[in-house]
Number of protein chains: 10
Amino acid sequence: MMLPEVTEKLLAAKKAAGLTFADLEAKVGGDEVWIASVVYRQASASKEEATKIVQALGADTALIDSLTECPVKGSLDPVVPTDPLIYRFYEIMQVYGMPIKTVVHEKFGDGIMSAIDFTIDVEREEDPKGDRVKVIMCGKFLPYKKW
Amino acid sequence: MMLPEVTEKLLAAKKAAGLTFADLEAKVGGDEVWIASVVYRQASASKEEATKIVQALGADTALIDSLTECPVKGSLDPVVPTDPLIYRFYEIMQVYGMPIKTVVHEKFGDGIMSAIDFTIDVEREEDPKGDRVKVIMCGKFLPYKKW
Amino acid sequence: MMLPEVTEKLLAAKKAAGLTFADLEAKVGGDEVWIASVVYRQASASKEEATKIVQALGADTALIDSLTECPVKGSLDPVVPTDPLIYRFYEIMQVYGMPIKTVVHEKFGDGIMSAIDFTIDVEREEDPKGDRVKVIMCGKFLPYKKW
Amino acid sequence: MMLPEVTEKLLAAKKAAGLTFADLEAKVGGDEVWIASVVYRQASASKEEATKIVQALGADTALIDSLTECPVKGSLDPVVPTDPLIYRFYEIMQVYGMPIKTVVHEKFGDGIMSAIDFTIDVEREEDPKGDRVKVIMCGKFLPYKKW
Amino acid sequence: MMLPEVTEKLLAAKKAAGLTFADLEAKVGGDEVWIASVVYRQASASKEEATKIVQALGADTALIDSLTECPVKGSLDPVVPTDPLIYRFYEIMQVYGMPIKTVVHEKFGDGIMSAIDFTIDVEREEDPKGDRVKVIMCGKFLPYKKW
Amino acid sequence: MMLPEVTEKLLAAKKAAGLTFADLEAKVGGDEVWIASVVYRQASASKEEATKIVQALGADTALIDSLTECPVKGSLDPVVPTDPLIYRFYEIMQVYGMPIKTVVHEKFGDGIMSAIDFTIDVEREEDPKGDRVKVIMCGKFLPYKKW
Amino acid sequence: MMLPEVTEKLLAAKKAAGLTFADLEAKVGGDEVWIASVVYRQASASKEEATKIVQALGADTALIDSLTECPVKGSLDPVVPTDPLIYRFYEIMQVYGMPIKTVVHEKFGDGIMSAIDFTIDVEREEDPKGDRVKVIMCGKFLPYKKW
Amino acid sequence: MMLPEVTEKLLAAKKAAGLTFADLEAKVGGDEVWIASVVYRQASASKEEATKIVQALGADTALIDSLTECPVKGSLDPVVPTDPLIYRFYEIMQVYGMPIKTVVHEKFGDGIMSAIDFTIDVEREEDPKGDRVKVIMCGKFLPYKKW
Amino acid sequence: MMLPEVTEKLLAAKKAAGLTFADLEAKVGGDEVWIASVVYRQASASKEEATKIVQALGADTALIDSLTECPVKGSLDPVVPTDPLIYRFYEIMQVYGMPIKTVVHEKFGDGIMSAIDFTIDVEREEDPKGDRVKVIMCGKFLPYKKW
Amino acid sequence: MMLPEVTEKLLAAKKAAGLTFADLEAKVGGDEVWIASVVYRQASASKEEATKIVQALGADTALIDSLTECPVKGSLDPVVPTDPLIYRFYEIMQVYGMPIKTVVHEKFGDGIMSAIDFTIDVEREEDPKGDRVKVIMCGKFLPYKKW
């Protein structure tokens, strides 16, 4: 896992400022996962958004520009990631991938859930038996074109 | 993608009966994704649940028993799956994996979202610009133990 | 390369009938590449389209139904395909992938060319120095969503 | 994705000059994708072409020479690339590879589309439902030799 | 095998101090394997625990903070590790994996042994025929949820 | 996961007889995991042991002989197994592999824990917060020879 | 290594007839390696050529047709082949690949040796110190196109 | 593709001197492909040969010694190389590997063509339809020993 | 691990006859490892040798012919074999590969030990601390050719 | 192939001193392959042995300590090594692995040859037809434990 230099600088600034991504969401607007994606150079921001993020972090304004570029995406190094938190999502697809595929096809027909016109939210759900992580993915359904 | 024989028989029965998994949810109880997981042999059912599923499908009752066994899980053949619908979830993790990891850690500390004490739902969200697929994952947060 | 049984039966019927996919395009409507995709079970047809294709091939009408199902897609076996014709497209991406990515981003911003809302055509271009294969891909531009 | 040093320098100069590859096409001649391929060291230029490109970018003329060398080609790092824009072309081949192969063989016989005697163009196609990316590949058909 | 910088510094301090992880267990509390996991950045410590570890090693107190962060886990480089000591555990799973799975399922039903709510101990067992390594893994049983 | 024919027959007999491996341990002697290893053809039994196992299962005595042969070991198909229960052991090594290696070396010097002169036990540990799976591995320490 | 059925039948006929590929070259015309390629379904023959080959082998004339089809090429199963004779060619490229590339570029400029407009011959060269295998590859040089 | 430092220095000297490997063949003796192999550290030279090569290039004589060492061979980075010129040789083996194997076995019996007692030459063959690359490999036949 | 049919038949005959490969060595001549290699279709025998082997085993004489053919070699399925006995040889090379290479080069110069003009013997060495397996490999040194 | 820094320094000292590993064997005691293993950091030496090796090489005595540490073993980079000398041992296992396994099992029963309680020697065997490399591996037989 090699982070780009700009990411390392922004994370250092964030640590120095003692801010969480939830704090940034409150300060900057936009969702915390999306802001984290910009910081990890998996998403590109507009000039204005980039300025807000860099300033909220108190980081070097020379970094603003590079947040506006289209990044080469994909940050996980081994093909099957070893980090237990991230691996669980791969396991979920190994176990529930075909069932999901079937249910989506029954509800929508032949097509996919877009991973581009797409949002993802992470919430903490209180539960007396132990709090739960709730991940809500929402992508436009794209039907296969015929021609 | 080689399906176990019991899966093929149940899918054939389901097709003959003209039922969707949503229909099964209404008839059998439990979530449609979970029922599909049982049919694809990624989850095990109790004797009672298995009986309901097999009867609702009008399938051979000799199949009930094998739905109660603990399966060897993991149904996707190539390490990185080629089916576009399933691949999108891998892409989501490549792009948003580290951001999600960071946000979960900021909300919960060092640990993971369980993929075992875990539910997944698929919903159709109406949208004038094109309906959206909503996938809601919800798993217990498990903190790393120290000893 | 293991073809599904329905594909093998349709290809045998096609061979017996002495038809090319271009002939099918003329008889059935729709593009020849798309029809070939249906036959290879990489695309799903409507009941009506499936009926036309099966009848044009003079094949068993019992095959119509399975052409309407949503297939598990991805037909190339080794991760990097060995067939020289197909491999060339991988080589093109190895050589021209980053240049294309940069040019698309300069023309459209951060996003992708859809492979779902997408068409592909193959044409023969006459050329005195040797005829040329022309492959025209056309997919909707999908900008990354911010949220 | 490790870019060669010369590429990094040229991209920095290009950014400083505020030029797109389409601007370079207008200034230097030749197609923008080909110019981008030279800059990414996937294609070699003549002395004259290299001089034009480097001067148009206002970059160090000491870089001209290295643009004329035959590069070791292939710039995508993981065997299956993770960047969503580039991955789509791999997905297209997984889904439409065999159909294309069959159609090419029906139109031309046993052989391939050259990836060497080959051009590629990227165009923006206006569309009220959302603009489309058009990628036109055109390579000489090479029939298999018998001997 | 690339160790993070903080790990290298702590291991150097440990070597200079002439301490084993068993010595650290005695000084700091907590199990020696867990302390080693913190040093190798596979586990995160509280501020207090990190302070004790760094002080016991006589290392730079500036390192305390980075031991409290949630690490990206997974330290073995090739997918199947080449080091003979670590490889043996993979071999054990190749040989005894299915038998263990069956026995666990017979004792507990469908579910897993948690690798998060989990402890591991290494003991030396005296044996006249040659001492033995005893590795005791203990994880909470997590039954698969139905929903 | 393709089981050898003899394994499938013995598992079918075991299911028909309604016996667990713990029942077999009581009837046949030896540990239940070892007996399961023989049934899965990962270990070889003596003629006498094989006879006891086959008879306890009420299976065809013609199967006795093949349990005495030295099997080709290694029953997990994909290099990194997809089954969640078995995968956890791989994850444990990714996370705790280097710490264990260090602790073993501090306790024993340069060498390994044998996976051949080796036993493994699975126990259920009652716990009010949820029962725990205890896996006890015990292998002879083998020091590296110098010559 | 799974041979297509037609290949197996032709090889059986060839063995029954006691013919070498050199004998076939004498009877049928064309080079022995090319004829072997047709038999192994790596090359396609014209109707006339296929007829000659099948008749020379005394094989079932029903096999003629399938020799005229464009095959899916690539017959070596593991990515790096294990057979020592074939592996040597991979080793030659590992050792002499870059030197050859440099020499070809110095002699021809940026481009490749075609593997399509290409012939290959195998000869036995008598040598008192042990006869030598001579493999002569000859392919059209294809310069990279600029556009 | 990471070249050893000595290779980079010699290639720089060669470029400064404006020499091709064919020029070196004329000056130094030995084949140009072999000389290139020495420069790329895939072959070792005698002290005398190394001296000639380094002097002909006008390079630092301190480099002579390292050309005489036995190198760790194998210079191509991804298992299947991406460079189109080098890949063609892999493709040739995928397509013609089994035919060559059969023909060699018919001509020589069970054994291999040595890749050690082996020479390789690259020639330019003039051809009005486009010049051709001729690659002549010649290795001693080594029959399998029986014992 | 899929054995060829002829191997399975010969192994069955060998088992029925109650013979070890050492018994075959005594009856047939030649080394037991070589005879095993012929039976596993990794080596080819002369007509006379094949006849002796098949007759000694009391197997169907129709099998003689196929032992004389040149096999496609390489019988281990996963790239890194999982069987513990065979894996140890891979581990030996991981650990001692570079040391062996250096020592061979110091003793012989640049070249290899032939794996073709090569014999291998397996002996049991009595030892009061536990008997030892002795594997003696002996191959002709082949120096790299210069040309 | 990245060597540890200590290995590079010792190899440089060895080259400067003009010593072979056979010379070191004479000076230091112990086998030359084992000494090479220590230098390549695949084996650990005692303080006394390390001192002798470093002094015999005339190297910096500060290096002594690091030769006494337990190394992370496994020095070959690509999973299947490309160096022809080392690859031959992999090929030997591909071809003779199953025959060896069978013969070992017939001589010893179910178990393995230890790669830890193990020695390896390399000898030069004079032979008028060309000298031969003799590699003698000798490891304790370890029978599988039953429990």
Side-chain angles (χ1 to χ4, degrees), chain E residues 1 20-22 32-34 36-37 39-40 42-43 73-76 79-81 83-86 88-108 111-115 118 120 122 124-125 127 129-142, chain F residues 1 20-22 32-34 36-37 39-40 42-43 73-76 79-81 83-86 88-108 111-115 118 120 122 124-125 127 129-142:
Chain E
M1 180 78 47
T20 65
F21 282 109
E32 61 188 327
V33 177
W34 179 75
S37 302
V39 168
Y40 278 98
Q42 298 295 321
K73 298 185 176 73
S75 62
L76 303 179
V79 180
V80 178
D83 182 81
L85 191 150
I86 298 176
R88 291 307 180 274
F89 291 93
Y90 279 64
E91 182 177 308
I92 288 166
M93 278 307 117
Q94 278 291 346
V95 174
Y96 298 111
M98 281 303 291
I100 290 173
K101 180 178 161 70
T102 307
V103 169
V104 170
H105 282 326
E106 288 187 357
K107 280 190 161 48
F108 293 87
I112 64 157
M113 175 183 77
S114 179
F118 171 84
I120 189 165
V122 175
R124 184 178 186 120
E125 197 180 74
D127 187 316
K129 280 180 283 181
D131 287 2
R132 298 179 77 82
V133 183
K134 197 166 181 174
V135 176
I136 301 154
M137 300 173 172
C138 187
K140 193 177 177 182
F141 178 72
L142 302 179
Chain F
M1 179 77 46
T20 64
F21 281 109
E32 61 188 325
V33 178
W34 179 75
S37 302
V39 168
Y40 278 99
Q42 298 294 320
K73 298 184 176 75
S75 62
L76 302 179
V79 180
V80 179
D83 183 80
L85 192 150
I86 297 175
R88 291 306 180 274
F89 290 93
Y90 279 63
E91 183 177 306
I92 288 166
M93 278 306 116
Q94 278 291 345
V95 175
Y96 298 111
M98 281 301 293
I100 291 174
K101 179 178 162 68
T102 307
V103 169
V104 170
H105 283 326
E106 288 187 356
K107 281 190 160 47
F108 293 87
I112 64 156
M113 176 183 77
S114 178
F118 171 85
I120 189 165
V122 175
R124 183 178 188 122
E125 196 180 73
D127 187 316
K129 282 180 282 182
D131 288 2
R132 298 179 79 81
V133 183
K134 197 167 183 175
V135 176
I136 301 154
M137 300 173 172
C138 187
K140 192 177 178 183
F141 178 73
L142 302 178

Could you have a look at [options] and say which one has the most heavy-atom pairs with chain E under 4.5 angstrom?
options: F:Val122, F:Val133, F:Val104; value: F:Val133
options: F:Gly130, F:Ala43, F:Gly139; value: F:Gly139
options: F:Val135, F:Ile100, F:Asp127, F:Ile120; value: F:Val135
options: F:Leu142, F:Asp83, F:Val39; value: F:Asp83

**Prompt:** Backbone N or O of E:Lys107 within a donor-acceptor pair of the F:Arg124 side chain at under 3.5 Å?
**Reply:**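 Judged by distance alone, yes, a pair lies under 3.5 Å.
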Shortest non-hydrogen contact from [X] toward [Y]:
X: E:Arg88; Y: F:Ala115; value: CD-CB, 4.0 Å
X: E:Glu125; Y: F:Cys138; value: OE1-SG, 3.5 Å
X: F:Val103; Y: E:Ala36; value: CG2-CB, 4.4 Å
X: E:Pro99; Y: F:Val33; value: CB-O, 3.9 Å
X: F:Glu106; Y: E:Ala22; value: OE1-N, 4.1 Å

At a heavy-atom separation under 4.5 Å, does [X] approach chain F through its side chain, its backbone, both, or neither?
X: E:Glu32; answer: both
X: E:Ile136; answer: both
X: E:Asp131; answer: both
X: E:Ser37; answer: both

**Asked** What is the distance from atom CZ of F:Phe89 to atom CD1 of E:Ile92, rounded to the nearest 0.5 Å?
**Response**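 Going from the CZ atom of F:Phe89 to the CD1 atom of E:Ile92 covers 10.0 Å.
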**Asked** CE/E:Met113 to CZ/F:Arg132 distance, rounded to the nearest 0.5 angstrom?
**Response**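 Result: 9.5 Å between the selected atoms.
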Do [X] and [Y] make a side-chain contact, defined as non-hydrogen atoms from C-beta onward lying under 4.5 Å apart?
X: F:Met98; Y: E:Ile86; answer: yes
X: E:Thr102; Y: F:Tyr40; answer: yes
X: F:Gln42; Y: E:Gln94; answer: no

**Asked** Which one of E:Trp34, E:Phe21, E:Phe108 has the most heavy-atom pairs closer than 4.5 Å to chain F?
**Response**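 Maximum pair count with chain F is reached by E:Phe108.
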